[in-house]
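Take a look at the structure below.
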Amino acid sequence: MDVLTINDVSYTYKSKYQTVKALDGVSYSFETGRFYAVVGRSGSGKTTLLSLMAGLDTPTEGAVLFGEKNTASINRDNLRLEHVSVIYQSLNLFPLLTAMENVTFPLEYKGMSKSRAKKIAASKLESVGIGKTMHNRLPAMLSGGEQQRVAIARALATKTEIILADEPTGNLDTENSQNIIQLLKNLAVTENVCVIVVTHDMAVADRADIVLRMSDGKIVLGEYGKEPASEIKL
Amino acid sequence: MGTMFRYALKRQLREGIKILAVPLVAFTLVVLINALGGIREWLEYEYEYTMDNFVVVAQLSDLWGDVTDELAVAQDYISIFTDPDMPVSLYRFTNELMLRRSFEVKSLIGDIGVELIGVTGLAADAVLASETSDVNFFYGYDESLMQGNELTAIVSDDLLEMVDGGRVSINIMVNLPGEEAKAREEEVTVIGTVSSDTGDSLVYLPFWTVSALAEDIAEAPLLSELLSITLAENRELSAFKDVASLIFPRVMPVFDTRPFAMTIYDSEFFETLEPLRQNLILVDVAIPFVYIIAVGVGFLTSVLLTRQRKAEFAVMRSVGMRRGSIFTVALGEQFLLCIIGSALGLAAIAVFWGYLNFERPLIFLACYMLGAIFSAARAARTNVLLLLRERE
Ligand SMILES: Nc1ncnc2c1ncn2[C@@H]1O[C@H](COP(=O)(O)OP(=O)(O)OP(=O)(O)O)[C@@H](O)[C@H]1O
Ligand SMILES: [Mg+2]
């Protein structure tokens with residue numbers, strides 16, 4: 001099922017002195033239960049694409065459709081609150097809230113009761129491998145991998161259909177990185193979530209169901225899956 | 001909303017020393033503003049007190065300050081004054097006789113028993129003053145105030161309440177030496193009142209009386225170096241001066257047969273009043289200035305705090321918090337911290353000075369929040385994309 005469709009999307013950054021066309025007529029449909037990797041040279045427009053899909057902005061041209069709905073005409077804050085989780089390389093967590101609070105906050109913000117939010121958060125933290133002893137730690141007291149897990153637990157707890165991750169393993173060592181990717185990959189299957197990961201790491205891309213390669217604001221190669229992704233030339 | 005603020009509070013409490021920044025600023029400024037407010041109220045009190053209680057005396061004299069015995073007395077005049085031993089005494093003078101006779105007042109308006117303080121036709125002059133040492137025997141009273149051709153009286157407050165149109169009928173017994181005592185009824189105009197609840201009698205003369213008297217004096221052929229007028233209302237001083245300057249021109253011909261002058265002794269009054277007035281102006285300028293500072297400080301502190309927390313606002317944005325919510329939280333936190341500091345400042349001033357004023361701290365709070373709004377709006381507009389690029 002297509003959960004997210006980008007339809008001939010272009011995006012231009014405008015500053016006083018110049019304009020940069022970051023995306024140039026990109027089209028693609030993402031399905032639930034799949035694990036996508038987006039690769040491409042630095043500056044090719046990966047982050048831009050991801051943020052449009054997250055509803056942080058709307059395309060200059062074309063449309064991003066969540067289901068049937070154009071993100072340009074819906075409440076995009078609500079889109080992130082209910083349907084799309086975003087995970088970055090770092091800075092995903094509130095630095096002065098504990099691991100537990102970081103997960104419960106969006107739940108309670110949505111109106112869930114305190115106790116229920118806590119229960120859900122505990123089970124999701126558990127499922128990403130964050131034990132009870134770490135629940136009350138502030139992010140600074142967690143390793144980079146643990147922080148990313150907390151962010152994933154939050155995405156899981158909010159039950160979003162789409163998880164967008166921009167180099168989520170960028171700060172992690174290989175082992176940690178593999179664990180996180182495995183976690184995301186499992187999610188796609190078990191929770192029927194659409195996971196889209198932007199990465200520079202070909203080892204990561206190799207685990208994806210589908211690899212998209214971006215160049216100069218375009219998706220130049222889609223549906224890759226036959227050869228190892230590491231063979232793709234960036 | 002409650003959730004947001006509960007979490008905001010949690011995170012604030014983990015800020016460590018930084019949490020003190022806003023309350024400390026608010027505390028200091030509230031103490032400052034209330035100290036200024038207290039000073040202002042004290043100055044105002046002193047100013048009003050001076051206005052109400054300072055005795056400004058205007059004195060009439062001849063230009064040379066000469067003895068006034070030699071001055072001509074043009075017509076009859078009568079003065080009646082109370083006396084501790086002699087309840088009411090009446091003095092009568094004529095320019096021919098210059099005689100002093102004493103009368104006894106038997107009753108006043110039936111038998112109400114209210115003391116009549118003074119009745120006079122035309123003011124006494126120096127002759128009277130020199131002959132009777134007790135002319136000014138009660139505080140603030142000067143018989144020469146009561147000049148005019150009709151009989152006038154200063155009566156007690158209670159008596160004034162009972163009479164109509166400021167006119168009193170009195171029965172007086174006239175005892176002239178070598179004559180039989182004669183009863184006489186006189187109608188007099190009340191020109192002032194006296195109250196004597198403090199033991200001292202305080203005479204109150206309305207301004208119109210004083211100015212009317214001043215005009216009478218100017219027209220009267222009688223002069224006195226002793227005539228002095230006490231202003232009941234210092235706020236009317238300049239109006240009084242205007243009237244006085246009409247009647248007593250500054251420059252008098254040297255050989256005028258009736259040269260007289262009025263001196264208004266108000267320099268000490270103004271020496272007391274002027275610094276108070278200037279300080280009041282100063283404080284009145286300083287207070288709005290502190291409010292402006294409050295706007296600036298509110299702006300600055302909140303910008304600094306918000307800048308530090310950019311990443312947090314970005315997380316808020318990316319988990320889907322609405323801009324309105326972020327704005328409310330950012331502003332609400334400032335508000336809470338500011339109100340805590342303000343309350344402490346208020347309490348400190350109340351404890352150490354015993355001074356409590358809510359209005360100024362509230363204005364301060366409003367000003368501070370005005371400054372803080374800008375950064376809260378910026379927090380709400382946090383651009384996640386830009387921030388990510390900055391961090392990369
Ligand atoms: N805020 C911005 N203002 C102007 N230009 C921008 C802005 N953000 C990105 N760009 C430009 O848009 C293009 C695409 O940027 P984007 O961040 O999407 O690339 P990316 O593929 O994520 O790169 P990287 O792998 O380095 O993260 C680049 O040329 C970049 O310089
Ligand atoms: Mg990027």
Side-chain angles (χ1 to χ4, degrees), chain A residues 11 13 15 22 42-43 47-52 54-57 75-98 100-114 117 138-140 151 154-155 157-158 160 164 166-167 170-171, chain B residues 1-22 304-330 332-334 336-337 377-392:
Chain A
Y11 189 86
Y13 289 100
S15 77
S42 179
T47 299
T48 309
L49 180 67
L50 220 64
S51 52
L52 292 185
L56 287 166
D57 207 341
N75 182 335
R76 287 181 298 282
D77 292 332
N78 215 48
L79 182 71
R80 284 191 303 284
L81 193 62
E82 304 277 355
H83 308 290
V84 182
S85 292
V86 201
I87 298 168
Y88 302 105
Q89 182 169 341
S90 59
L91 300 170
N92 288 305
L93 304 179
F94 295 105
L96 291 179
L97 293 184
T98 63
M100 173 58 98
E101 286 161 357
N102 261 288
V103 181
T104 54
F105 174 70
L107 300 181
E108 288 187 49
Y109 179 75
K110 281 201 281 188
M112 197 180 281
S113 80
K114 214 165 138 182
L138 294 183
R154 181 170 65 199
T158 46
T160 53
L164 303 175
D166 196 349
E167 303 191 36
N171 279 344
Chain B
M1 212 55 140
T3 303
M4 271 162 23
F5 280 108
R6 210 177 66 247
Y7 278 88
L9 195 66
K10 276 184 191 179
R11 77 159 293 288
Q12 276 297 342
L13 292 175
R14 293 171 187 145
E15 273 283 17
I17 197 97
K18 252 188 270 167
I19 198 179
L20 295 179
V22 177
L304 288 179
L305 290 180
T306 325
R307 173 171 299 177
Q308 260 186 350
R309 293 175 53 193
K310 257 186 177 173
E312 269 178 79
F313 295 120
V315 181
M316 290 182 188
R317 295 281 294 136
S318 55
V319 298
M321 248 176 103
R322 277 173 290 277
R323 284 169 188 229
S325 303
I326 297 172
F327 178 79
T328 314
V329 178
E333 281 179 22
Q334 292 281 320
L336 196 77
L337 293 172
R378 265 176 54 124
R381 274 188 281 116
T382 301
N383 187 329
V384 184
L385 282 175
L386 278 179
L387 193 73
L388 284 171
R389 276 172 59 81
E390 277 171 28
R391 298 284 163 140
E392 265 168 18

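As the structure is a computational prediction, the values presented were derived from the model and not from experiment. What you see below is based on every heavy atom in this structure, not just the backbone, and it leaves out hydrogens, waters and symmetry mates. First the proteins, then the strands, lettered A, B, ... as listed; each starts at 1.
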Kindly confirm or rule out a cation-pi arrangement of B:Lys10 over B:Tyr7, judged by NZ or CZ under 6.0 Å from the six-membered ring centre and within 45° of its axis?
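Yes, B:Lys10 sits over the ring of B:Tyr7.
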At a heavy-atom separation under 4.5 Å, does B:Glu15 approach chain A through its side chain, its backbone, both, or neither?
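Both backbone and side chain.
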Pick one of side chain, backbone, both or neither for B:Arg317, based on which atoms fall under 4.5 Å of a heavy atom in chain A.
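Answer is both: backbone and side chain atoms of B:Arg317 are under 4.5 Å from chain A.
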Within the 3.5 Å criterion, strictly below it, is a donor on A:Tyr11 or A:Ser51 matched to an acceptor on the partner's side chain?
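The criterion, which ignores hydrogens and geometry beyond distance, is not satisfied for A:Ser51 and A:Tyr11.
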Verify whether one side chain among B:Ser318 and A:Tyr88 offers a donor that lies under 3.5 Å from an acceptor in the other.
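Absent: no donor and acceptor within the cut-off.
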Rounded to the nearest 0.5 Å, what separation is found between the [atom1] atom of [X] and the [atom2] atom of [Y]?
{"X": "B:Leu305", "Y": "B:Lys310", "atom1": "CG", "atom2": "NZ", "answer": "14.0 Å"}
{"X": "B:Met321", "Y": "A:Arg80", "atom1": "CE", "atom2": "CZ", "answer": "11.5 Å"}
{"X": "B:Leu304", "Y": "B:Lys18", "atom1": "CG", "atom2": "NZ", "answer": "11.0 Å"}

Please flag which part of [X] lies under 4.5 Å from any non-hydrogen atom of chain B: side chain, backbone, both or neither.
{"X": "A:Arg154", "result": "side chain"}
{"X": "A:Leu93", "result": "backbone"}
{"X": "A:Thr158", "result": "neither"}
{"X": "A:Leu97", "result": "both"}
{"X": "A:Lys114", "result": "side chain"}

Who wins among A:Leu50, A:Thr104, A:Ile87, A:Asn102 for the most heavy-atom pairs under 4.5 Å with chain B?
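Result: the option with the highest number of such pairs is A:Thr104.
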Using a cut-off of under 4.5 Å for heavy-atom pairs, which of A:Thr98, A:Thr48, A:Leu138, A:Leu81 has the most such pairs with chain B?
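Max contact count across the listed options: A:Leu81.
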Whether the side chain of B:Arg11 engages the backbone of A:Leu96 through a donor-acceptor N/O pair (distance < 3.5 Å, no angle test) should be reported.
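A pair under 3.5 Å: no.
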